[in-house]
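Each chain gets a letter, A, B and so on, in the order the sequences are listed, and its residues count up from 1.
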Amino acid sequence: MDLELREIILLSLRVSGVALLISSLIGIPLGAYLGLKRFVGRRFVVALMYTGMGFPPVVIGLFVYLLLSRSGLLGSLQLPFLPSLFTPGAMIIAQTIISFPLVAGFTMAAVMGVDPHLRQQVLALGATHRQAALAVLMEARVGVIVAIIAGFGGIISEVGAVMMVGGNIEGRTRVLTTAIVLETRKGNFELAIALGLVLLGITFIANLAMLRLQGKSFDE
Amino acid sequence: MNRPQRNEALYRLERVAKEYNSRRVLDIEHLEIFRGEIFALVGPSGAGKSTLLRLANFLEPPTYGGLYFHNQEFAPGKEMPLHLRRRVTTVFQRPMLLSRSVRANVRFGLELRNEHNSEEKVQAALEEVGLGGMADQKARTLSGGEAQRVALARALVLQPEVLLLDEPTANLDPYNVALIEEIIFKLNQQHHTTLVLVTHNVFQAKRLAQRVGFLLEGRLIETANTEDFFTQPSDVRTAAFVRGEMVY
């Protein structure tokens, strides 16, 4: 395989993989909490989350751009742990913002689909509230995996935000989607199609792996 | 019949009320449940029996009043300590089993308590309810009676001090009813487990309980030992319920 293509594939996987990991670490507990708890302002938080699920990636890209640019709200602070614009770190931030509402929203729906009596009966067996929440999440595992798949689907194929905050710099921030845009503009349709097929293949393999995670419960 | 002598009150309820959306569903002036007894709580649907069990299993605090277990108060904003909470468990009318094997369901409560080498206990509990050969079966493939027996096994394996039973045999066939009644009666006789049985079946209360309480519209109308309750109830409403004349 061409070295440049390999770099592009690896960077796509790294950026979307890390973003998905962070999204899952935030989104699954948040979705479980919203699905299980009743509190004042829950409707408002859920409405915000639903809005996040449908937010155009390019607008999120713009938002992150404005935050991280040298004159931006965060960029001007020059905090050591914050990535600069046109780096994979900036792309990860943008993709995390895109995918975590998807992971949280679908997780919430999956958790709400579990009969509430189950949680009560698990508590009656002596579970702590945390143990009961985990038991409910385990029961909702098919839906939670769908949540992760939706989060992954939302970012691996996304182009607007990574283009805006990554800049499509060769060897540094070029990923599969931005490379496809570039090659199409240059008229290299064969290469663009080949990159598109690689992207499709990666998505297919990733989803197959997720299905394996759903395990036997998917077939029941 | 050699039944355990009741001694100290395990539960004490003083002016306990429970409200949902400002609607009072339970209003009990005073109730004591004694260690080692089988106490049946009867009453028509909607009388507050299941609500009382949820309070007794510390799943919800009372809105007002004091509920004491081992002299420890359970009140709003006051969690019952985990070690006391884990002395009590409930078998519900509609058992919700985890979508795992029968064995995993019975083992679940032990795992919550970090007991991981529990295969013998789990198998013994399954044998107890007559499901020793079904340990590896998926829980969701069981019949209603079998599922209820698994729910009973997952409670028995915990060796609770108090077992709360919320209409455990409603909608079951006579074979399963007899089997479950036999198991819980034996549990009380052999291990002196305190049983609180909620039922609207007065005959079941008569067969199993040493004391019976009658709950109507959230209020405890009467408690008495079983014989007195059925032969000379002190309240006309209890008498009407026992004779099957109460329309509900």
Atom pair CD1/CE of A:Ile155 and A:Met91 - distance to nearest 0.5 Å: 11.0 Å

Nearest-0.5 Å distance that lies between atom CZ in B:Arg35 and atom OH in B:Tyr11: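 Atom-to-atom, B:Arg35:CZ and B:Tyr11:OH are 11.5 Å apart.
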
Neighbourhood of chain A inside residues 80-94 of chain B, taking heavy atoms under 4.5 Å as contact: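 Listed by number, the contacting residues are B:Leu82, B:Arg85, B:Arg86, B:Val88, B:Thr89, B:Thr90, B:Phe92, B:Arg94.
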
Contacts of residues 49-64 of chain B with chain A (heavy atom under 4.5 Å):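 Residues of residues 49-64 of chain B touching chain A at under 4.5 Å: B:Arg54, B:Asn57, B:Leu59, B:Glu60.
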
Heavy atoms from other residues, nucleotides or ligands near CD of B:Gln123 exceed 12 (cutoff 6.0 Å): yes

Neighbour count >12 (heavy atoms, 6.0 Å) for atom OH, A:Tyr65: no

Part of B:Leu97 within contact of chain A (heavy atom distance under 4.5 Å): backbone

Contact class of B:Leu98 relative to chain A, heavy atoms under 4.5 angstrom: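 B:Leu98 touches chain A through backbone and side-chain heavy atoms alike.
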
Partner of A:Phe63 by side chain to side chain contact (heavy atoms under 4.5 Å, CB included), out of A:Leu67, A:Val59, A:Leu66: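 It is A:Leu67; the other options fail the test.
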
Matching residue for B:Leu195 among B:Val162, B:Leu163, B:Ile33, B:Leu208 - test: side chain to side chain contact (heavy atoms under 4.5 Å, CB included):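 Looking at B:Val162, B:Leu163, B:Ile33, B:Leu208, the match for B:Leu195 under the side chain to side chain contact (heavy atoms under 4.5 Å, CB included) is B:Leu163.
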
Any heavy-atom pair between the side chains of [Y] and [X] that's under 4.5 Å?
X        : Y        : result
B:Leu152 : B:Ile184 : yes
A:Ile8   : A:Val198 : no
A:Arg119 : B:Met96  : no
A:Ile93  : A:Pro83  : yes
A:Glu139 : A:Leu118 : yes
A:Val58  : A:Met164 : yes

Residue-level interface, residues 28-56 of chain A with chain B, non-hydrogen cut-off under 4.5 Å: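 Heavy-atom contacts from residues 28-56 of chain A to chain B are absent.
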
Any residue of residues 97-114 of chain A which, by heavy atoms, sits under 4.5 Å from chain B: none

Verdict with supporting geometry, A:Ser16 and A:Gln95, side chain to side chain donor-acceptor pair (under 3.5 Å): CA-CA 7 Å; A:Ser16 295; A:Gln95 290 206 341; 2.9 Å; yes

side-chain contact (heavy atoms from CB on, under 4.5 Å) between A:Val136 and A:Val122, intermediate numbers included: CA-CA 9 Å; A:Val136 172; A:Val122 165; over 6 Å; no

Short side-chain to backbone donor-acceptor contact, B:Thr169 and B:Val177, under 3.5 Å: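 Flag not set: sc B:Thr169 to bb B:Val177 has no pair under 3.5 Å.
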
Check: A:Ser12 side chain, A:Leu176 main-chain N or O, donor-acceptor pair, under 3.5 Å: yes

From CA spacing to verdict: salt bridge (Lys or Arg N to Asp or Glu O under 4.0 Å), B:Arg103, B:Glu119: CA-CA 9 Å; B:Arg103 187 196 308 279; B:Glu119 285 313 305; 3.3 Å; yes

